[in-house]
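This report concerns only the one structure given below.
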Amino acid sequence: MTNNNFILERLALGQKYLGLLDDSGYTLVDMNMIEPFSIDDKYHHPTSVVFERNNTMYAIRSDWTRTLLNFNSNFYSNDTRFGYFGPVVRENESFYQAGVEIYQATENDIIDALLMHMNFVEECAETNIKTLVINNDQLLDLFIKKYDLPDTVRQLIYTKNISELRQHLGKDHDLYKIMSAKVSDQFKMVGEVFGDTEIMQAIAHLKEKIADNNTKFILDLSFRSPQNYYNGLYFQAFLNSNTPILSGGEYNSNSFGIALNLADGGLL
């Protein structure tokens with residue numbers, strides 16, 4: 001594909017996506033890439049580009065989630081659903097990002113938004129999303145509390161250090177059995193332990209909703225989001241690419257965001 005075609009197709013895809021959000025009742029935003037610097041932004045995105053002008057610190061937008069959070073807190077907007085399409089700069093590289101942020105999000109809001117994005121991707125790609133990987137760090141909290149485990153077990157889970165996990169827990173421990181089994185079995189095995197919790201019921205409801213999509217649904221306790229502000233359910237969805245076409249999750253307790261990968265997710 002020539003560079004001209006790529007640029008035109010990316011813009012057309014962004015316009016089509018924004019049209020969907022507009023039809024679905026989202027508030028569309030288009031903001032300056034230069035914004036006041038916040039130390040919280042640096043914590044969440046340590047590679048963001050920061051500079052000083054006239055004794056004031058500024059940052060180049062590295063993530064739409066933080067930008068919209070700052071916007072919402074500064075202007076006290078009554079809107080709860082925002083959509084965007086525009087550039088970000090991260091690790092000295094610029095790329096276009098599109099997505100939504102939903103505040104005061106309910107379980108139905110989350111499921112509906114995710115299904116809408118999956119349907120949009122599949123319509124544009126003319127193929128099914130192959131895999132949806134999901135996790136919720138609160139599941140590890142449940143294991144740690146139920147079995148009175150040290151917090152250090154988290155790192156063993158995240159790094160899939162199965163041999164050391166066996167040494168710490170023993171081969172008959174539920175958590176070791178789950179982590180040493182096929183990842184495709186984790187949903188069922190975790191459900192046998194915590195199926196009556198709200199966390200697992202929400203994951204089960206999502207799984208039911210995409211059952212007819214021919215999408216492989218994977219709950220992976222070792223899956224960590226690259227964004228450290230997520231504190232609930234988070235996910236990545238893949239086409240044929242090694243990088244996700246969709247990603248996102250819960251943050252600030254009742255907010256939820258989805259990003260559409262326009263760089264190398266497989267649509268362009």
Could you give the side-chain donor-acceptor pairs of residues 124-135 under 3.5 Å, partners two or more places apart or in another chain?
| unit_1 | atom_1 | unit_2 | atom_2 | d |
| --- | --- | --- | --- | --- |
| T127 | OG1 | K130 | NZ | 3.0 |
| K130 | NZ | N128 | O | 3.1 |
| N135 | ND2 | D220 | O | 3.1 |
| N135 | ND2 | L221 | O | 3.2 |
| N135 | ND2 | F223 | O | 2.9 |

Run the side-chain donor-acceptor check on residues 166-176: report pairs under 3.5 Å with partners two or more places apart or on a different chain.
| unit_1 | atom_1 | unit_2 | atom_2 | d |
| --- | --- | --- | --- | --- |
| H168 | ND1 | E164 | O | 3.0 |
| H173 | ND1 | L175 | N | 3.0 |
| D174 | OD2 | Y147 | OH | 2.4 |

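Evaluation of the ring pair (Phe, Tyr, Trp, His ring centres under 6.0 Å) test over residues 235-260, restricted to residues two or more places apart or in two chains, returns Y229-Y251.
Remark: the backbone N or O of L115 is paired with a side-chain donor or acceptor of N119 at under 3.5 angstrom.
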TODO: For the pair F120 and Y17, evaluate ring-ring contact (aromatic ring centres under 6.0 Å, His included) and give the outcome as yes or no after the intermediate values.
DONE: CA-CA 8 Å; F120 175 80; Y17 176 68; 5.4 Å; yes
Task: Chi angles and distances behind the salt bridge (Lys or Arg N to Asp or Glu O under 4.0 Å) call for D112, K209 - done: CA-CA 9 Å; D112 289 346; K209 289 290 186 179; over 6 Å; no
Open item on the list: What verdict does the side-chain hydrogen bond (donor to acceptor under 3.5 Å, both in side chains) test give for E250 and S255, after you've listed the backbone C-alpha separation in whole Å, the side-chain angles of each residue and the deciding distance to 0.1 Å?
Closed with: CA-CA 6 Å; E250 294 178 282; S255 300; over 6 Å; no
- [ ] Please step through salt bridge (Lys or Arg N to Asp or Glu O under 4.0 Å) for the pair K16 and E123, ending with a clear verdict.
- [x] CA-CA 11 Å; K16 182 177 180 180; E123 176 186 337; 3.4 Å; yes
- [ ] For Y230 and D137, run side-chain hydrogen bond (donor to acceptor under 3.5 Å, both in side chains): C-alpha distance rounded to whole Å, both residues' side-chain angles, the deciding distance at 0.1 Å, then the answer.
- [x] CA-CA 9 Å; Y230 291 135; D137 276 344; over 6 Å; no
Open item on the list: For a salt bridge (Lys or Arg N to Asp or Glu O under 4.0 Å) check, start with the C-alpha distance between D148 and K145, then their side-chain angles and the critical distance, and finish with the verdict.
Closed with: CA-CA 5 Å; D148 193 25; K145 181 177 181 180; over 6 Å; no
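Within a 6.0 Å radius of CD in E198, other residues, nucleotides and ligands contribute 12 heavy atoms or fewer. By the 6.0 Å contact criterion, CD on E192 is enclosed, its count of non-hydrogen atoms from other residues, nucleotides or ligands being greater than 12.
Checked against the 6.0 Å centroid criterion, the rings of F82 and Y26 do not qualify as a close aromatic pair.
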